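Chain A is the first sequence line, chain B the second, and so forth, proteins listed ahead of strands; every chain is numbered from 1. This is a predicted model, so every value here is computed, not measured.
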Amino acid sequence: MRVYNTLGRELQEFVPRAPGKVSLYVCGPTVQSAPHVGHGRQAVAFDVIRRYLQWTGLAVRYVTNITDVEDKIIAAAQDEGVTAAEVARRTTAQFLEAYRRLRVAPPDGLAFATEHIPEMIELISRLISRGHAYPAGGDVYFAVRSFPGYGKLSGRNVDELVSGARIEPGEHKRDPLDFALWKASKPGEPVWESPWGPGRPGWHIECSAMAEKDLGFGFDIHGGGLDLVFPHHENEIAQSEAAAESAPFVRTWLHNGMVTLRGEKMSKSLGNVVGLLDLLASSRPEAVRLFYLRAQYRQPIEYAPDLLTEAEAALDRLWSFRRRLGAAAVVPDADVPDAAVLQAFRSAMDDDFNTAGALGVLFDAVREGNRLLDAGEDANPIAAAYDEITAVLAIDEPATSLADLAGDLDAIAARMGISGGSPDAVVTALIDLRSRARSGRDFAVADTVRRELAALGITLEDGADGTTWHRP
RNA sequence: GGCGGCGUGGCCGAGUGGUUCAGGCAAGGGUCUGCAAAACCCUUUACCCCGGUUCAAUUCCGGGCGCCGCCUCCA
C-alpha cells in the first residue's frame with residue numbers, strides 16, 4: 001500500500017508502527033459555526049480510509065477531536081450574547097448530526113479540547129522547562145527559532161516567513177514567528193487556572209496533547225485538510241517534537257483537498273459556504289458520499305448542484321443492480337466474492353486510496369453483473385464483491401423502513417381485498433396480487449396496485465427475475 | 001514574491017511511454033418490454049501551447065500560458 005506523505009511529499013510504502021495495527025488521528029472541526037460541504041468531504045475521506053484499512057485486516061484506532069475553545073467561538077458567542085460553551089455545544093451537535101447522517105462511523109476516541117486542559121498545561125510546562133517556550137504577560141509562546149525542524153512539513157524556511165509574520169497589539173512575542181500556546185483570558189472569556197495565571201489554550205496545542213495522550217508519540221497517520229498544513233500541523237510537530245526531544249511525532253501525514261465553489265475554496269471567511277445539513281436535506285447521504293469519492297481525496301472538488309444530480313443518477317445505477325439480485329432471491333453473502341473484482345478494487349485503493357479508480361472497478365463489475373443476469377447466468381460472485389466494496393465505501397443501500405406507512409398500506413390492502421399485516425408483508429402481498437393479475441392479463445388490477453403504491457412513494461420495477469420495490 | 005498542486009472527450013474524473021477500452025453523467029441510435037422502469041449493445045473532433053529526449057509522448061525533461069491552495073482564521 002502506497003500513500004502520499006505530506007512530510008517528504010512523496011508516495012511511500014505504508015508500514016504501521018506496530019504490525020497489524022494502525023493509529024490514526026484526524027483533526028476535527030473548530031465548532032465556531034455550522035458544518036459546510038467541505039467538512040463533509042474531509043470526514044468522508046478519512047472515514048473511507050479508516051474503513052479500507054480495517055477491511056485489509058488492520059486493527060485501526062481512530063481518534064478525532066472537537067476543538068471547543070478558540071477565538072472564533074468566543075467571538076461568535078459575544079455576537080449572539082451567549083456563552084462560548086453554548087455556541088460550542090450547539091455547533092458540536094450539528095457536526096455530529098451531519099456526520100451521523102453521512103454514515104461516518106463514530107471514532108474510537110472523540111476528544112474535546114476543554115476536557116484536556118491539564119494535558120495541555122503539562123505539555124506547555126515541559127516546553128518551557130526545555131527552553132522551547134516562554135511565559136510573557138500572562139501568555140505563553142512557543143519559540144519557533146528554538147526548534148530547528150520548523151518548516152519541514154510545509155516546506156518553509158524560517159527566514160522567509162519573517163516578512164509575513166507580525167505581532168498583533170496586546171501580544172508579547174519575542175519574535176514575530178512565535179505563536180501562542182496559552183492566552184491570558186479577558187473578562188467574559190472562558191478561563192482555566194494555570195501556572196501562568198488564568199487563561200485558555202492557544203489553537204495548536206490541543207491536537208498535540210490529545211493525539212499523544214490517546215495514540216502515543218510517534219503514531220502512524222495524522223490527517224486533516226490541506227489548509228491545515230501550515231501553520232497548524234507545522235506547529236503541532238514543533239510542539240510535540242520539541243517537548244519530547246524526539247522525532248517523528250507522526251510517521252505519515254495525509255491531507256485532503258478542498259471543496260471549491262465556482263473555483264474558489266469554500267470557507268467560512270470567504271462566506272461562500274453551502275451548509276452540509278442543507279445538502280443532506282436534499283440529497284441522499286450515499287449520493288453525497290459518491291459525489292465526494294468520485295475524485296481522489298487529495299484533489300480539489302468543485303461543488304455544484306448538477307454534480308450532486310449526477311451522483312444521484314450514478315447511485316441509482318448501483319442500487320438498481322443490487323435490487324435485481326434481491327429479486328432473484330440469491331444469497332451473495334454466502335458466495336465467494338469475485339476475486340478479480342476485489343483485486344482490482346484493492347489495487348486502486350492501495351494506490352493512495354484512489355476512490356475514483358475504485359469506483360471505476362465497481363461500475364465495471366455492475367455492468368458485468370447486469371450482463372450475466374440478462375443472460376441468466378450466475379452473478380452471485382459479482383454481487384458478493386459489490387457488497388464488500390459498497391460496504392467499505394458505505395454507499396450500499398440501507399434497508400428501507402415502511403413503518404410510517406403501516407396505516408396507508410393497511411387501507412390499500414383493505415381496498416384490494418387482501419389481509420393486512422406488517423408493512424413489508426402487505427407490500428409483498430400486493431406484489432403477489434399484481435403478479436397474478438398480470439399473469440391473467442388483468443392489467444387494470446395490476447395498474448391499480450402500481451398506482452396505489454406510487455401514491456405512497458413506493459416504486460415497483462418489473463424484471464425478468466421478478467418485481468422489486470423501492471422508495472423513493 | 002516564496003512553497004505546493006492542477007490543466008484529459010458536452011460535463012465530472014481515473015490512468016498509461018506504443019497495442020481494444022478507464023468509469024460515471026448527459027445526448028443520439030438499437031435490443032428487450034402489457035404499462036412504468038431498469039438492463040444490455042453501438043455512437044459522439046481527449047489528453048493547454050512550444051521545444052527536447054525517444055523507433056514511439058497525453059504519459060519523461062525544459063520553457064510558456066492559465067487556474068487553484070498555503071504563506072492570516074479555515075476541513
*Applying a 3.5 Å limit to both distances, which nucleotide forms a Watson-Crick or G-U wobble pair with B:U19?*
none
*Which is true for A:Lys268 with a 4.0 Å heavy-atom rule: it touches a base, it touches only sugar-phosphate, or it touches nothing?*
nothing
*At under 4.0 Å between heavy atoms, which parts of nucleotides 6-16 of chain B does protein reach? Answer with one letter per nucleotide, 5' to 3': B base, S sugar-phosphate only, - none.*
S----BSSSS-
_Any residue meeting ring-ring contact (aromatic ring centres under 6.0 Å, His included) with A:Phe291, in chain and number order, not counting sequence neighbours_ = none
*Applying side-chain hydrogen bond (donor to acceptor under 3.5 Å, both in side chains), name anything that partners A:Arg367, two or more places apart in sequence or on another chain.*
A:Asp364
*Quick one: list whatever passes side-chain hydrogen bond (donor to acceptor under 3.5 Å, both in side chains) with A:Glu70, sequence neighbours left out.*
none
Are there any protein N/O atoms within less than 3.5 Å of an N/O atom in nucleotides 38-42 of chain B, and if so, which ones and at what distance?
{"residue": "B:A39", "atom": "OP1", "partner": "A:Arg317", "partner atom": "NH1", "Å": "3.4"}
{"residue": "B:A39", "atom": "O3'", "partner": "A:Asn370", "partner atom": "ND2", "Å": "3.2"}
{"residue": "B:A39", "atom": "O2'", "partner": "A:Arg324", "partner atom": "NH1", "Å": "3.4"}
{"residue": "B:A39", "atom": "O2'", "partner": "A:Asp374", "partner atom": "OD1", "Å": "3.4"}
{"residue": "B:A39", "atom": "O2'", "partner": "A:Asp374", "partner atom": "OD2", "Å": "2.6"}
{"residue": "B:C40", "atom": "OP1", "partner": "A:Arg317", "partner atom": "NH2", "Å": "3.1"}
{"residue": "B:C40", "atom": "OP2", "partner": "A:Arg317", "partner atom": "NH1", "Å": "3.1"}
{"residue": "B:C40", "atom": "O4'", "partner": "A:Asp374", "partner atom": "OD2", "Å": "3.0"}

*Please list, chain by chain and in numerical order, all residues satisfying side-chain hydrogen bond (donor to acceptor under 3.5 Å, both in side chains) with A:Glu80, sequence neighbours excluded.*
A:Arg90
_Under 4.0 Å, heavy atom to any atom of RNA chain B: which of residues 250-258 of chain A qualify?_
A:Asn256, A:Gly257, A:Met258
*Of residues 427-442 of chain A, the positions that come close to RNA chain B - non-hydrogen atoms, cut-off under 4.0 Å*: A:Arg434, A:Arg438
_Going by purine N1 to pyrimidine N3 plus the second Watson-Crick contact, or the G-U wobble pair, all under 3.5 Å, which nucleotide sits opposite B:G69?_
B:C3
_Taking any heavy-atom pair under 4.0 Å as a contact, classify A:Phe363: base, sugar-phosphate, or nothing._
sugar-phosphate
*asked:* Taking only side-chain N and O atoms of A:Lys265, does any of them lie within less than 4.0 angstrom of OP1 or OP2 on B:A75?
replied: no
*Please name the pair of heavy atoms, one in A:Ala84 and one in A:Ile73, separated by the smallest distance, quoted to 0.1 Å.*
O-CG2, 3.6 Å
*side chain to side chain contact (heavy atoms under 4.5 Å, CB included) partners for A:Arg156, two or more places apart*: A:Ser154, A:Leu161, A:Phe230
*Mind checking side-chain hydrogen bond (donor to acceptor under 3.5 Å, both in side chains) for A:His255 and listing every partner two or more places apart, or none if nothing turns up?*
A:Thr6, A:His233
*asked:* Looking at B:U31, which nucleotide sits across from it as a Watson-Crick or G-U wobble partner, both distances under 3.5 angstrom, or is there none?
replied: B:A39
*salt bridge (Lys or Arg N to Asp or Glu O under 4.0 Å) partners of residues 221-238 of chain A, not counting sequence neighbours, each pair once*: A:Asp227-A:Lys265
*Comparing A:Ala444 and A:Gly155 on RNA chain B - which has the more 5′ nearest nucleotide*: A:Gly155
*Which residues satisfy the ring-ring contact (aromatic ring centres under 6.0 Å, His included) test with A:His116, sequence neighbours excluded?*
none
*Hunt down the Watson-Crick or G-U wobble partner of B:U53, both distances under 3.5 Å, from any strand shown, or write none.*
none
*Base, sugar-phosphate, or nothing: which does A:Ser154 touch, judged by heavy atoms less than 4.0 Å apart?*
sugar-phosphate
